[in-house]
J.: 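Before I ask anything, let me first share the structure, which is written out below as structure tokens.
In what follows, chains carry the letters A, B, and so on, assigned in the order in which the sequence lines appear, proteins first and then strands, with residues in each chain numbered from 1.
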Amino acid sequence: MSFLPAEEQLEILRKGATEILRVEELKAKLERSRSEDQPLRVKVGFDPSAPDIHLGHTVVMRKMRHFQELGHDVIFLIGDFTGLIGDPTGVSKTRPVLTRAQVEQNAETYRKQVFKILDPVKTRVEFNSQWLASMSSEDWVRLASKYTVARIIGIHEFLYPLAQAYDSVALKADVEMGGTDQKFNLLVGREIMREFHLEPQVVLTMPLLEGTDGVEKMSKSLGNYIGINETPREIFGKILSINDDLMWRYYELCTDLTLVQIAELKKGVAEKKLHPKQAKVDLAKRIIADFHSAAEAAAAEAEFERVFVSRETPDAVEEVTLPCESAPLWFPRLLVKVGLAKSNGDATRLINQGGVTLDGSRVDSPGLELRADAPAEHLIKVGKRRFIRVRFR
RNA sequence: GGGGAGAUUCCCGAGCGGUCAAAGGGAGCAGACUGUAAAUCUGCCGCCGUAGUGCUUCGGAGGUUCGAAUCCUCCUCUCCCCA
């Protein structure tokens with residue numbers, strides 16, 4: 001294995017990073033790694049309770065891949081033990097205690113998704129319960145004594161970063177990465193490693209990606225996320241619906257285009273040589289190609305054009321099968337049944353507002369009754385994008 | 001330990017005996033305009049087959065009243081100030 005010169009590696013690693021503490025140390029580590037022909041150990045911790053990876057997570061994962069491409073080892077650390085404590089950094093509420101089996105299952109889910117981005121050969125998956133669960137109270141006291149807190153904080157607020165820091169000790173991490181919200185925890189790792197007479201890890205933080213609303217950071221609980229397991233069609237739609245300004249952010253953090261290339265695109269849009277929608281379409285295709293394939297990305301685009309520009313029916317529509325009934329079915333009730341409305345009143349409202357289409361024509365009266373006494377098929381559309389095919393059988 | 005302030009529909013926040021299913025804003029949803037963008041405009045935004053002197057909702061439990069989100073009592077929780 002031959003490594004690129006430290007300077008060149010550094011340049012790649014720097015792209016997109018918010019902060020590197022400290023750059024000189026990273027450079028020194030890269031140089032040593034090169035001269036000794038030893039890869040660096042790059043550690044990133046993940047929460048075991050939320051195995052649905054979304055675009056926000058991929059920002060850091062992309063950087064992990066950069067390390068892999070440069071020949072380094074990446075440790076995908078599943079915080080099954082720290083998960084019990086709960087990270088005080090986020091707004092996370094009390095977490096349910098996960099069983100061994102659940103953790104295993106979540107880990108499996110992680111693996112499936114993670115390797116869409118990371119190189120499976122160069123990725124080590126570890127669980128921190130491996131070393132943390134077996135620690136005695138004495139060990140904990142000893143560990144805690146290595147860190148002085150200036151201000152008085154809650155015990156678990158203190159425990160979490162400490163445990164995370166100990167992970168770095170156990171793994172002898174050279175680099176730890178995380179979102180900017182992780183900075184404090186990552187820095188604790190440096191200090192604790194010093195206490196253990198290890199060379200402190202370099203801390204690299206990546207920006208937090210805004211969700212589709214463009215305001216809050218992307219998170220599952222806020223519902224503003226784009227999951228990498230979503231269908232190409234869904235991802236395409238979600239990306240197309242983000243604000244134009246936000247698209248540049250996604251370009252920077254979710255593609256491997258260089259800053260120069262991105263600036264070029266921006267300029268194109270500013271000079272009206274490139275339609276912003278086209279730029280967004282390209283973005284969506286790039287992202288989909290990463291998690292699925294270029295062919296699927298192209299298909300998603302074609303589908304999108306058909307459904308929204310030509311106003312045709314998508315080819316994959318969710319289907320619901322209902323038994324035939326001799327009595328006519330009140331339409332609003334049907335909407336509730338298939339999950340397109342919350343209540344009859346809600347359904348009625350949607351109809352009154354002209355948002356409901358049945359078999360291609362607008363439903364204009366909430367009093368509509370549908371015959372359901374013989375097998376039949378209907379296509380219902382609510383709003384611009386919700387389709388359901390109902391089958392009576 | 002002492003003294004204050006408060007808990008309202010998804011969120012913020014008004015209401016302080018009837019005219020309150022509860023102002024206003026945000027979010028969300030639908031429509032118009034578009035590039036399913038943003039911004040903007042319009043409408044909706046508790047449930048009940050659209051109806052009523054209807055039902056359920058204003059932290060929880062009781063009480064006072066013809067009538068309570070609004071008053072009283074107790075309870076739970078949150079915040080602030082003094083020690």
J.: In whole Å, what separates the C1' atom of B/C10 from that of B/G2?
T.: 39 Å
J.: My understanding is that only one of A/Arg34, A/His66, A/His72 makes a side-chain hydrogen bond (donor to acceptor under 3.5 Å, both in side chains) with A/Gln9; could you say which?
T.: A/His72
J.: For nucleotides B/G59 and B/G54, find the distance between their C1' atoms and express it as a whole number of Å.
T.: 27 Å
J.: Distance check needed: B/A39 P versus A/Asp213 CG, whole Å only.
T.: 11 Å
J.: Just to be sure I understand the rule, does A/Glu369 reach a base, reach only the sugar-phosphate, or reach nothing, if contact means heavy atoms closer than 4.0 Å?
T.: base
J.: Do any N or O atoms from the side chain of A/Asp167 and from the backbone of A/Asn128 form a donor-acceptor pair under 3.5 angstrom?
T.: no
J.: Return yes if some donor-acceptor pair links the side-chain N/O of A/Thr123 with the main-chain N/O of A/Asp119 below 3.5 Å, else return no.
T.: yes
J.: Would you measure the distance from the P atom in B/U70 across to the matching atom in B/U57 and give it in whole Å?
T.: 13 Å
J.: Quote, to the nearest angstrom, the P distance that separates B/C11 from B/C58.
T.: 14 Å
J.: Using a heavy-atom cut-off of 4.0 Å across all strands, would you classify A/Pro332 as base, sugar-phosphate, or nothing?
T.: nothing
J.: Between A/Ser33 and A/Gln38, is any side-chain donor less than 3.5 angstrom from a side-chain acceptor?
T.: no
J.: Which nucleotide in the list B/G35, B/G49, B/U36 gets nearest to the side chain of A/Lys280?
T.: B/G35
J.: State which of B/A38, B/G35, B/C29 makes the closest approach to the side chain of A/Leu350.
T.: B/C29
J.: If B/U65 has a Watson-Crick or G-U wobble mate with both distances under 3.5 Å, name it; if not, just say none.
T.: none
J.: Within the 4.0 Å heavy-atom criterion, would you say A/Asp244 contacts the bases, only the backbone, or no part of the nucleic acid?
T.: base
J.: In whole Å, what separates the P atom of B/C66 from that of B/C45?
T.: 35 Å
J.: Describe the nucleic acid contact of A/Gly237 in one word from base, sugar-phosphate, nothing, applying a heavy-atom distance below 4.0 Å.
T.: base
J.: Using the P atom as the reference point in each nucleotide, state the distance between B/G18 and B/C72 in Å, no decimals.
T.: 15 Å
J.: A/Arg385 near the nucleic acid: base, sugar-phosphate alone, or nothing, with a heavy-atom cut-off under 4.0 Å?
T.: base
J.: Identify which nucleotide among B/G35, B/C48, B/U36 has an atom closest to any side-chain atom of A/Lys384, counting heavy atoms from C-beta outward.
T.: B/U36
J.: Would you call A/Arg65-A/Asp256 a salt bridge at under 4.0 Å N-O?
T.: yes
J.: Using a 4.0 Å heavy-atom cut-off across all strands, classify A/Asp245 as base, sugar-phosphate, or nothing.
T.: nothing
J.: Can you figure out which of B/C48, B/C44, B/U36 approaches the side chain of A/Ser343 most closely?
T.: B/C48
J.: Whom does B/G1 pair with, Watson-Crick or G-U wobble, provided both distances fall under 3.5 Å?
T.: B/C82
J.: Given the rule in the side-chain contact (heavy atoms from CB on, under 4.5 Å) test, do A/Val169 and A/Trp131 qualify, once you have shown the distances and angles that lead to the verdict?
T.: CA-CA 10 Å; A/Val169 171; A/Trp131 47 87; over 6 Å; no
J.: I'd like to know if A/Gln353 reaches the base of B/G43 with its side chain such that a donor and an acceptor end up less than 3.5 angstrom apart.
T.: yes
J.: Closest approach to the side chain of A/Arg362, judged atom by atom: which nucleotide of B/A32, B/A30, B/G49 is it?
T.: B/A32
J.: Provide the distance between the two P atoms, one in B/U56 and one in B/A21, to the nearest whole Å.
T.: 13 Å
J.: Between B/A27 and B/C12, how far apart are the two C1' atoms, rounded to whole Å?
T.: 10 Å
